[in-house]
Amino acid sequence: MKATDVYNIAIALPSEELSLLYNMLGKKVMSIPDSGIKKRRKCLPRFTIDDGLRYLLENIIDKNREQDDS
């Protein structure tokens with residue numbers, strides 16, 4: 001049976017039966033392990049402009065100075 005066939009049958013149901021079907025499908029779909037779904041990456045912390053400037057000064061500008069001195 002194809003999904004389009006099931007969809008057409010579900011649309012023809014009365015609203016009460018459609019609600020019951022939705023609840024039954026929700027329980028069944030939620031119980032399926034989601035092995036194929038990747039977890040979302042953790043969000044980076046919010047950096048301020050001062051944090052960005054400090055990073056640039058410590059990592060980029062200081063390294064360029066060291067290379068120029070060599």
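A quick note: this is a predicted structure, and the numbers were derived from the prediction, not measured.
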ILVMFWY clustering at 4.5 Å (side-chain atoms), partners of I49: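 L53, listed by chain and number.
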Tell me which pairs pass side chain to side chain donor-acceptor pair (under 3.5 Å) where either residue lies in residues 40-54, with sequence neighbours left out.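 Qualifying pairs: T48-D51, D51-R54.
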Which pairs of donor and acceptor atoms, one on a side chain in residues 2-24, lie under 3.5 Å apart (sequence neighbours left out)?
unit_1: N8; atom_1: ND2; unit_2: T4; atom_2: O; d: 3.2
unit_1: N23; atom_1: ND2; unit_2: S19; atom_2: O; d: 3.4

